[in-house]
Amino acid sequence: MWLAIVFFLSALLPLSLSHGQDPFAWLYGRQSQGYSHGSLQASTTGWQCPDECDCPPSFPVAMYCDGRGLTAMPTIPSHVKYLYLQNNAITAVPDSALINATSLVWLMMHHNQLTSEAVDKKAFLKLEGLERLYLQHNNFTSIPPNLPRSLRDLRINHNKIEKVTPADLEGMDNLTILYLHDNAVTDMSTSLKALTSLTLLDISSNKLTKVPEALPEHLHQFYLESNSIDALPEGFLGRFTQLQYIRMAHNQLTDKGIPSNTFNVTGLVELDLSFNQLERIPTVSTTLQHLYLQANQIKEFTLGSFCSVVDVTNFSKLRTLRLDGNEISRQDVPSESSMCLRLASDIEI
């Protein structure tokens, strides 16, 4: 048996060497000597991988360059679809950096040191199939120009963005997820109008004083907490047929700033209005399941906020109700509330 194996390998060796390949290269992997930083290295399948990255033969369309201490963009082979560059110290994306990377579907560049000025205007222009772009935890003061219109998931949270213009997001009708939280945005104008497919919008922890105009109609999750919003527009939620989760905690909302029946909309599952300045419980839909009103200034438990009529078939579907940190006690809850809130297993006062 051993003689047969030796004979087979001895026959294979000259054939491999005649093609300039080492048949035992897979034994010692990428870390062979003699490659300078940034050089390209032939893989076992014939394509090339930058020496500072990993390109597993088992997943040849991915290139892992994350956490390598990089300060500049590596050379990117044209076949790569999934590029991981997060957790480095990259400071710039020149026009030439991605010019050959036309197959990219995912580009992960979060936790770097990118600035708006150091990303060239045409840097992302050729990435016509890009679906996922992660740019969070950098130093952007504006959204980079000419982002691919093919994007479905854009994360640019934890930056220093102050303004979002319609031109920044123009034509992105495929975008379903947009994370813009933890920036310094004061104005969004009508920039969200073009995002006709958007289902998740997170603009919490910014400096907004009002709800953005022309919100996409297909929103499913809408996060606005930790801003400075003191009032909501009339008919705020009336045209959202798919909205289930809205969070507006840590704002400056008052009773006067919330038009009547604003939250009395069918389909809403979770509503968070905690840490505001409300004195009354707003009227909510009987389909609502989770309501958070802690840390307001509520002085009365108004059962009519939950049920206008109570009978066998008409009652609130509320399961969670938080009213702790207000100006009421459990003695203020009327005895008939058990009929209206018959599903509420968790009421905190």
_Any side-chain heavy-atom pair of Asp255 and Gln297 under 4.5 Å_ = no
Arg280 atom CZ, neighbour heavy-atom count above 12 within 6.0 Å: no
field: Check against side-chain contact (heavy atoms from CB on, under 4.5 Å), Leu201 and Leu195
entry: CA-CA 10 Å; Leu201 174 62; Leu195 308 181; over 6 Å; no
Report task. Go through the steps for Leu224 and Ile203 under the test side-chain contact (heavy atoms from CB on, under 4.5 Å), then give the verdict. Result -> CA-CA 5 Å; Leu224 276 160; Ile203 49 176; 3.4 Å; yes
Can Thr287 and Ser285 be counted as having a side-chain donor-acceptor contact under 3.5 angstrom?
-> yes
CA sep, side-chain torsions, deciding dist, call: Asp202, Ser204, side chain to side chain donor-acceptor pair (under 3.5 Å): CA-CA 6 Å; Asp202 192 342; Ser204 55; 2.6 Å; yes
- Item | Exam field: side chain Ser116 to backbone Thr141, donor-acceptor pair closer than 3.5 Å | yes
When rounded to the nearest 0.5 Å, the distance separating CG of Leu180 from CG of Leu154 is 7.0 Å
Worksheet entry | Same cluster (ILVMFWY, side-chain, under 4.5 Å), Phe236 and Leu192 | yes
Looking only at heavy atoms, the pair that brings Ile177 and Leu198 closest together is N-CD1, 3.8 Å
Using a distance-only test with no angle check, is there a side-chain donor-acceptor pair under 3.5 angstrom linking His220 and Thr199? no
Does the side chain of Lys121 come within less than 4.5 Å of Asn146's, by heavy atoms?
yes
message: Looking at Asn264 and Thr262, would you say the former's side chain and the latter's main chain have a donor-acceptor pair under 3.5 Å?
response: no
Do Glu225 and His181 have side chains that get closer than 4.5 Å, going by heavy atoms?
-> no
Original post:
Can you check whether Arg68 reaches Pro74 side chain to side chain, under 4.5 Å on heavy atoms?
Top reply: no
With a 4.0 Å cut-off on N to O distance, would you call Glu213 and Lys193 a salt bridge? no
Stepwise side-chain contact (heavy atoms from CB on, under 4.5 Å) test for Thr186 and Lys163 = CA-CA 6 Å; Thr186 58; Lys163 186 177 182 180; 5.6 Å; no
Check: Asp182 main-chain N/O paired with Asn157 side-chain donor or acceptor under 3.5 Å:
no
d(Asn139 CG, Leu114 CG) to nearest 0.5 Å is 8.0 Å
Q. More than 12 heavy atoms of other residues, nucleotides or ligands under 6.0 Å from CD of Glu327: is that the case?
A. yes
Item to complete: Would you please indicate yes or no on a ring centroid separation below 6.0 angstrom for Phe301 and Phe306?
Response: yes
**Request:** Would you kindly check if the NZ (Lys) or CZ (Arg) of Lys126 is within the cone defined by 45 degrees around the ring axis of Phe124 and under 6.0 Å from the six-membered ring centre?
**Result:** no
Value for CD1 (Ile76) from OG (Ser103), rounded to nearest 0.5 Å, stands at 11.5 Å
message = Is it the case that the side chain of Asn276 and the backbone of Asn251 share a donor-acceptor pair, with hydrogens and angles ignored and the cut-off at 3.5 Å?
response = yes
Side-chain H-bond candidate by donor/acceptor type, His158 with Gln136, under 3.5 Å: no
Inset, instruction - Run the salt-bridge test on Asp272 and Arg247 with the 4.0 Å N-O cut-off and return the result as yes or no. - result: no
- request: Show your reasoning for whether side chain to side chain donor-acceptor pair (under 3.5 Å) applies to Ser329 and Gln331.
  value: CA-CA 5 Å; Ser329 64; Gln331 286 70 37; 3.1 Å; yes
Heavy-atom nearest pair, Gln277 first then Asn296, reads N-OD1, 3.2 Å
Decide yes or no for Asp332 and Ile349: does some side-chain heavy atom of the first lie under 4.5 Å from some side-chain heavy atom of the second? no
On a heavy-atom basis, the closest approach of Leu147 and Met172 is CB-CE, 3.3 Å
request  = Give a yes or no on whether Tyr179 and Tyr134 share a hydrophobic cluster (residues Ile, Leu, Val, Met, Phe, Trp, Tyr; joining criterion: side-chain heavy atoms under 4.5 Å apart).
outcome  = no
Q. Side chain of Asn159, backbone of Asn183: donor and acceptor closer than 3.5 Å?
A. no
- Query: Are any non-hydrogen side-chain atoms of Met73 and Leu98 less than 4.5 angstrom apart?
  - Reply: yes
Ignoring hydrogens and geometry, is there a side-chain-to-backbone donor-acceptor pair from Asp66 to Leu85 under 3.5 Å?
no
### Message
Do Leu273 and Ile328 land in one hydrophobic cluster if side-chain heavy atoms of ILVMFWY residues count as linked below 4.5 Å?
### Response
yes
dist Ser226:OG -> Leu208:CG (nearest 0.5 Å) comes out at 11.5 Å
Exercise for the section: May I ask you to decide if Gly235's main-chain N or O and Arg239's side chain share a donor-acceptor pair within less than 3.5 Å? Expected result: no
Closest heavy-atom pair, Glu336 versus Leu303, reported as atoms and distance to 0.1 Å, is CG-CD2, 3.6 Å
Shared ILVMFWY cluster between Val333 and Leu321, side chains joined below 4.5 angstrom?
yes
Decide yes or no for Phe263 and Leu288: does some side-chain heavy atom of the first lie under 4.5 Å from some side-chain heavy atom of the second? no
For Val164 and Leu169, the nearest pair of non-hydrogen atoms, with its separation, is CG1-CD1, 4.0 Å
Just checking Tyr82 against Phe59, ring centres under 6.0 Å apart? yes
Practice prompt. Could you go through the side-chain contact (heavy atoms from CB on, under 4.5 Å) check for Thr165 and Ser189 one step at a time?
Written response: CA-CA 6 Å; Thr165 69; Ser189 182; over 6 Å; no
Review point. So, does Asp168 use its side chain to make a donor-acceptor pair with the main chain of Pro166 at under 3.5 Å?
Key: no
Same cluster or not: are Leu107 and Ile143 linked, directly or through other Ile, Leu, Val, Met, Phe, Trp or Tyr residues, by side-chain heavy atoms under 4.5 angstrom apart?
-> yes
Short question: side chain of Ser150, backbone of Leu130 - any donor-acceptor pair under 3.5 Å? yes
dist Gln294:CD -> Glu348:CD (nearest 0.5 Å) comes out at 8.0 Å
All heavy atoms of Cys53 vs all of Cys49, minimum pair found to be O-SG, 4.0 Å
**Message:** Counting C-beta onward and ignoring hydrogens, is there a side-chain heavy-atom pair between His290 and Tyr245 closer than 4.5 Å?
**Reply:** no
* To do: Could you tell me whether Asp120 and Lys122 have a side-chain N and a carboxylate O separated by less than 4.0 Å?
  => no
So CG of Leu343 and NZ of Lys317: to nearest 0.5 Å the spacing works out to 7.5 Å
